Amino acid sequence: MNDASNIPASEAPRPATARAGSPLSGTMAVPGDKSISHRALMLGALGVGTTRVEGLLEGEDIHATAGALRAMGVPVTREALGRWHVEGVGVAGLSAPDDVIDLGNSGTSARLLCGLLAGHGFAAILTGDDSLRKRPMNRVIEPLTRMGARFETRPGGRMPVTVTGTDTPLPIEYELPVPSAQVKSAVLLAGLHAPGRTTVIEPVATRDHTERMLSHMGAEIEITDSPAGKRITITGQPELSPTSIVVPSDPSSAAFPAVAACIVPGSEVVLRGIGMNPARIGVFTSLGEMGADITYENERDEGGEPVTDMIIRAGALTGITVPAGRAPSMIDEYPVLAMAAACAEGITVFEGVGELRVKESDRLAAIEAGLTACGVTVEAEENRVTIHGCGGPPPGGARIAANLDHRIAMSYLVLGLAARNPVEIDDIRPVETSFPGFAESMRALGAQITEGGDS
Ligand code: S3P
C-alpha cells in the first residue's frame with residue numbers, strides 16, 4: 001500500500017498494466033527537461049526583472065519548485081501550457097516563508113533550494129514525501145555548513161530540514177566527493193550570494209545546466225581543467241539579467257519511448273527537439289553500443305543547449321558493459337536501460353552504479369526484484385548489476401511495486417509492452433512528477449497500457 005504523504009489519502013493508488021500488441025509508430029512530444037525547468041524557475045527568481053520560459057515541464061516536481069519560490073515572495077505565473085514567467089527578486093532577494101515548504105518527491109528542489117537558502121539570513125523548513133524524507137541530505141549540508149549556513153535534520157541528515165542561512169556566506173573551494181550535479185549546483189547557488197569566488201571541482205563531469213544558465217544570465221563563471229578535474233568558479237553577488245529560456249525536451253523522459261521503440265518488434269518512433277547535452281546522453285550512447293537503430297537528424301542549438309530529432313526503429317540488441325565513468329551522464333536512465341538489457345542477447349553489466357541506491361527509491365533493488373519477478377536472471381551487488389538478457393521478449397507476468405519512483409513505474413510499463421505476459425505496476429501516479437500524460441502519450445503511439453489493474 002502506497003502512503004505517500006503528499007498524495008491525499010482519499011486518492012487511491014492507480015495500478016496500470018502494459019501488454020504486448022502492435023508495433024509502436026508515430027511522433028511523440030516529449031515533455032520539457034526536468035533539470036532545466038527547475039533551474040529556469042530558480043535562476044529566474046534571482047534575476048532582476050521578468051524571465052520568460054517556454055516548454056517548461058509541468059510535472060509535480062516543477063510545481064514543487066514553483067510553490068517554494070512563491071512561498072518566498074517570488075511571483076511565478078503560468079500563462080499557457082509550458083509558457084511561464086517569473087518576476088525575479090534579485091540575488092539574495094527571497095523573503096522568509098511563513099510555513100513549512102513541502103517539496104513532494106523532488107530531490108532536485110530540495111538540494112538546490114538548500115543552496116539558495118544558505119545565502120539568505122532567515123530560517124526555512126523543507127519537507128517532502130515518504131521517498132524524499134529517506135534521501136541523504138548530508139551531501140549538501142556538509143559544504144553549505146562550511147559556507148556558514150546551519151542545518152537541523154532528523155537522524156542521518158534526513159528531512160525535514162531546517163535551513164538557517166546567512167546574508168554573508170563564505171566563498172569556498174569544494175571538491176565533490178560524489179559525482180552529483182545537485183551538490184555542485186547547491187554550492188554554486190550559495191556561492192552566487194557570497195562575496196568573492198566559490199569553486200567546485202568535479203573529478204567526473206556531471207550535467208552543467210546550472211553553469212550554462214548562470215553564464216547566459218550574465219554571471220561570471222570560469223571553467224578550467226585541472227589534474228583534479230573540472231574547476232567551476234563563480235564570482236558572487238552579480239546582478240543577473242532576466243532572460244528568455246527555451247526548455248528542450250527531456251532526454252531522460254525520451255529514453256522511455258526510445259527503449260520501447262527498440263524492444264517492441266516492428267516499431268518506428270520519432271522524437272523531436274530532444275536535449276543532447278553531452279552530460280545527459282549516456283543512455284543513447286549505450287543503446288547505440290547495444291546495436292539499437294537510432295538516427296539523429298536536424299541537430300541544432302536552442303537557447304544554449306544542443307537538441308536533435310531522433311528516429312528509433314526496433315531491432316535486435318546485444319548485451320554490453322556500461323563503464324562506471326558513463327554513470328553521471330545516464331544516472332536516471334539505468335532502470336529503463338535494464339529493460340532493454342532484459343530483451344537483449346547476452347549479458348549486460350552496469351558498473352559503478354552505487355548512487356542508484358539513493359534515488360527516489362533503491363533502484364538497484366527495484367531492477368533486481370522487478371526483473372527477477374519477470375523471469376529475468378539478474379545479480380545486483382553494492383555497486384554493480386549484471387543482467388542476463390533473454391534474447392527476445394522476457395516472460396513478464398508480474399506485479400511490480402513502483403515505490404513512489406516515477407522512473408521505476410515507467411520502466412516496467414515499457415518492459416510490459418515487449419514481454420510475453422502483461423506487466424502490472426501497483427501505482428502509476430508517481431509518473432506525474434516528471435512525465436505528465438505518459439500513458440496517454442504511449443497509447444497515442446499504439447502502446448497497450450491500461451489503468452485499473454486488469455492483468
Ligand atoms: C539532477 C541531478 C541528478 C539526477 C536528478 C536531477 C539535477 O541527481 O539524478 O534526477 O537536476 O541536478 P544527482 O545530482 O544526485 O546525481
Side-chain angles (χ1 to χ4, degrees), residues 31-43 56-57 59-62 64-65 103-116 128 131-132 134-144 157 159 174 176-189 200 202-214 232 245 247-248 250-256 275 277 279-283 305 324-337 352-364 366 404-411 430-431 433-435:
D33 190 282
K34 178 161 80 67
S35 294
I36 296 176
S37 295
H38 282 298
R39 288 156 173 84
L41 296 184
M42 288 190 204
L43 294 182
L56 189 89
L57 169 65
E60 283 172 2
D61 280 16
I62 305 305
T65 287
L103 300 170
N105 194 252
S106 181
T108 309
S109 308
R111 268 73 173 257
L112 270 58
L113 283 173
C114 281
L116 273 189
S131 154
L132 187 53
K134 286 189 192 121
R135 298 183 65 186
M137 297 301 288
N138 280 338
R139 52 182 57 199
V140 289
I141 290 176
E142 201 259 315
L144 297 175
M159 294 170 80
Y174 189 67
L176 293 179
V178 277
S180 165
Q182 293 179 352
V183 178
K184 170 177 66 177
S185 300
V187 175
L188 292 176
L189 291 176
V200 179
E202 46 177 17
V204 189
T206 66
R207 66 193 69 192
D208 59 357
H209 308 300
T210 305
E211 301 91 295
R212 282 180 190 243
M213 208 179 283
L214 278 168
I232 304 130
I245 297 169
V247 180
D250 197 326
S252 299
S253 298
F256 296 100
N277 183 307
R280 295 290 300 281
I281 53 173
V283 67
E305 293 276 349
R326 194 177 293 161
S329 70
M330 54 173 288
I331 195 67
D332 293 331
E333 286 68 73
Y334 284 101
V336 74
L337 194 68
V353 287
E355 271 292 290
L356 297 192
R357 298 219 178 260
V358 292
K359 292 295 177 187
E360 284 83 331
S361 70
D362 177 342
R363 288 182 175 161
L364 293 191
L404 293 184
D405 190 329
H406 52 137
R407 299 198 200 278
I408 295 302
M410 289 187 278
S411 296
V431 308
T433 63
S434 67
F435 201 144

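Quick caveat, the model's predicted, so the values are computed rather than measured. Counting starts at 1 for both ligands and their atoms, following the listed order. Because only heavy atoms are used, hydrogens play no part in the values below, and waters and symmetry mates are left out as well, while side chains stay in.
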What's the shortest heavy-atom distance between Ser37 and Asp33, and which atoms?
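So the two residues come closest at OG-O, 2.7 Å.
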Given His38, Arg39, Arg139, identify the one with the heavy atom nearest to atom 12 (O) of ligand 1.
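When every heavy atom of His38, Arg39, Arg139 is considered, Arg39 comes closest to atom 12 (O) of ligand 1.
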Who's closest to atom 3 (C) of ligand 1 heavy-atom-wise, of Arg407, His406, Arg111, Lys359?
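Among Arg407, His406, Arg111, Lys359, the closest heavy atom to atom 3 (C) of ligand 1 belongs to Lys359.
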Closest protein heavy atom (residue, atom, distance) for atom 6 (C) of ligand 1
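Looking at atom 6 (C) of ligand 1, the protein heavy atom closest to it is Thr108 OG1, 3.4 Å.
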Within the 4.0 Å heavy-atom shell around Ala181, which atoms of ligand 1 are there?
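Close to Ala181: 12 (O), 14 (O).
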Would you mind running through ligand 1 and noting each atom that sits below 4.0 Å from a heavy atom of Asp332?
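Matching atoms, with element in brackets: 4 (C), 5 (C), 9 (O), 10 (O).
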Between ligand 1 and Ser180, is the shortest N or O to N or O distance under 3.5 Å?
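Right, the criterion is met.
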Is any N or O atom of Gln182, backbone or side chain, closer than 3.5 Å to an N or O atom of ligand 1?
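In this structure, Gln182 places an N or O atom under 3.5 Å from an N or O of ligand 1.
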Please determine whether a side-chain nitrogen of the Lys or Arg among [X] and [Y] lies less than 4.0 Å from a carboxylate oxygen of the Asp or Glu.
X      : Y      : result
Asp250 : Lys34  : no
Arg363 : Asp405 : yes
Arg280 : Glu305 : no

Kindly write out the residues that satisfy salt bridge (charged side-chain N to carboxylate O under 4.0 Å, His left out) with Arg39, not counting sequence neighbours, or none if the list is empty.
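Result, salt bridge (charged side-chain N to carboxylate O under 4.0 Å, His left out) vs Arg39: none returned.
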Test item, Lys34 contacting ligand 1 (heavy atom, 4.0 angstrom):
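Within the 4.0 Å threshold, so yes.
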Checking side chain to side chain donor-acceptor pair (under 3.5 Å) for the pair Ser434/His406: CA distance, chi angles, key distance, verdict?
CA-CA 7 Å; Ser434 67; His406 52 137; 2.7 Å; yes
